[in-house]
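Take a look at the structure set out below.
A, B, ... follow the sequence lines: proteins, then strands. Residue 1 opens every chain.
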2 protein chains.
Amino acid sequence: MARGSFRDQVLRVREDAIVSSVNRLLAEKGFEQMTVDEVAADVGIAKASLYKHFASKEALAAAAMVRVLERTMEVLGQQAARGVSAVERLREVTRWALRVQLAGEMPILPSQNSSLRAELLGHKPYLELLMQVSDRLGEWIVQAQGDGDLDRSLPPELVLYTLFARACDPVPGVLKSSGRHSDDQVVDWVLSTCFSGIATRPS
Amino acid sequence: MARGSFRDQVLRVREDAIVSSVNRLLAEKGFEQMTVDEVAADVGIAKASLYKHFASKEALAAAAMVRVLERTMEVLGQQAARGVSAVERLREVTRWALRVQLAGEMPILPSQNSSLRAELLGHKPYLELLMQVSDRLGEWIVQAQGDGDLDRSLPPELVLYTLFARACDPVPGVLKSSGRHSDDQVVDWVLSTCFSGIATRPS
DNA sequence: GTCTATAAAGCGATAGAC
DNA sequence: GTCTATCGCTTTATAGAC
């Protein structure tokens, strides 16, 4: 791919810094609670300059959502290249998502009545990526059920939503905030409750 | 307890209607997205009248949170009176919470950076009730682990947070919104993923 | 493109008449 | 206690100078 002129590269770097700030602020406070003033202050430029790069607050958030989905697709590609079972791939992708969340870098899913939601539903790059991610995960879920590793009585739809929800669950953050457990310990526990539940496994 | 004068009873009924509106709006949009104008319009009185009953928006929300905790305590009392195992009591309480959530009547947990959080931390009735609920659930969790019904390797703290989080999980709502499943079916599925996980039970 | 300054709208909360 | 009207503040977005 062409990198464009030097000027374009500088622009890219600047916009990438903006998206990083938006991503972190979205993870921290969610879309409605995040203010454009905060984003501008965090990036270190004036608010009016922000609007030269992105047309609206919704466009800012959409860019962050697209980037996290792109990174998710990269992780899916890495897992696909490993010679492990489908359920193991699902577990490792979930582990990655939980780590991102604990690092404070997982932008919050748009709540159902958000103005962001309307914007995203009309944003093709986002929708296409979301569909790609869902399709790939859906394949692995069906495959893992066929392997006998995931519960066959659960609809794949339910499993998919459950995995998405765990990536935004407040539980890891609350557990981490107690300060008594390492990130890896928290991730292992939440992974365990997600895949194996809280009940005892029948022996 | 004294019921007070007729005038006081009318006041109680009025305030109960306010709290019901707040409860539903909190469940629908969360604290920050809920506006006092909406509450007033929903109750059918002027905004200034609202402020004669409750000192602030935070006080409105706190009243709703207290009421849901009171109802939770009632449910805990009912379950305690049944002659069933601790894990079964926990499952039924969770089932009740999921039904309330699907009915659109489970006020959303205060996010960590909310102005509501500060108010609630200084609100003794709320804190006391929350502690009562947590203590009772904590006892049952330890008991269920002792019975061999809940995974002993999980800290009770993790199990407690997990149950609280499931009461506010977006998954049931998303599943219900597809319109293809009954509420009972959705609740059964989510209960299954919560207690038994998504993985196959080893035979 | 970046800035300062400001417009336009929505919000929580209150004043004051009845 | 209820109402109408409004204050004071925050927020998104833009105008216009440089």
- Could you state the NZ-C1' distance from A:K47 to C:dA8, rounded to the nearest angstrom? 12 Å

- Task: Ignoring backbone atoms, establish whether B:S49 has a side-chain N or O less than 4.0 Å from OP1 or OP2 of D:dC3.
- Result: yes

- Is the phosphate of D:dT14, meaning OP1 or OP2, less than 4.0 Å from a side-chain N or O of A:Y51? no

- Message: Nearest whole Å is fine: how far is D:dT12 P from A:E119 CD?
- Response: 14 Å

- Task: For A:T35 and A:D37, test the side chains for any donor-to-acceptor distance below 3.5 angstrom and give the result as yes or no.
- Result: no

- Specify the separation, in whole Å, of atom CG of B:D37 and atom P of C:dA13. 11 Å

- Query: Can you tell me how far P of D:dT11 sits from CD of B:Q33, to the nearest Å?
  - Reply: 13 Å

- Task: Provide, to the nearest angstrom, the distance between the CE atom belonging to B:M34 and the P atom belonging to C:dA13.
- Result: 10 Å

- Task: Determine the contact category for A:K52: base if any of its heavy atoms lies under 4.0 Å from a base atom, sugar-phosphate if only primed atoms, P, OP1 or OP2 are that close, otherwise nothing.
- Result: base

- Looking at every strand, decide which applies to B:T35 at a 4.0 Å heavy-atom threshold: base, sugar-phosphate, or nothing. sugar-phosphate

- Are any of the side-chain nitrogens in A:R166 or B:D169 under 4.0 Å away from the carboxylate oxygens of its partner? yes

- Message: With a cut-off of less than 4.0 Å, is there a side-chain N or O of B:R14 near OP1 or OP2 of D:dT2?
- Response: yes

- Among the nucleotides D:dT12, D:dA15, C:dG12, which one has an atom lying closest to any side-chain atom of A:K57? D:dT12

- Message: Do B:E92 and B:V84 make a side-chain contact, defined as non-hydrogen atoms from C-beta onward lying under 4.5 Å apart?
- Response: no

- Task: Specify the separation, in whole Å, of atom CD of A:E58 and atom C1' of D:dA13.
- Result: 11 Å

- State whether a side-chain donor-acceptor pair under 3.5 Å links B:R82 with B:Q79. yes

- Query: Tell me: CG of A:L50 to P of C:dT2, nearest whole Å?
  - Reply: 9 Å

- Item | Listed nucleotide nearest any side-chain atom of A:V36, set D:dT12, C:dG1, C:dC3 | D:dT12

- Query: Considering only heavy atoms from C-beta outward, does the side chain of A:L69 approach that of A:M65 to under 4.5 Å?
  - Reply: no

- Task: Please report, rounded to the nearest Å, how far the P atom of C:dT14 is from the NE2 atom of B:H53.
- Result: 15 Å

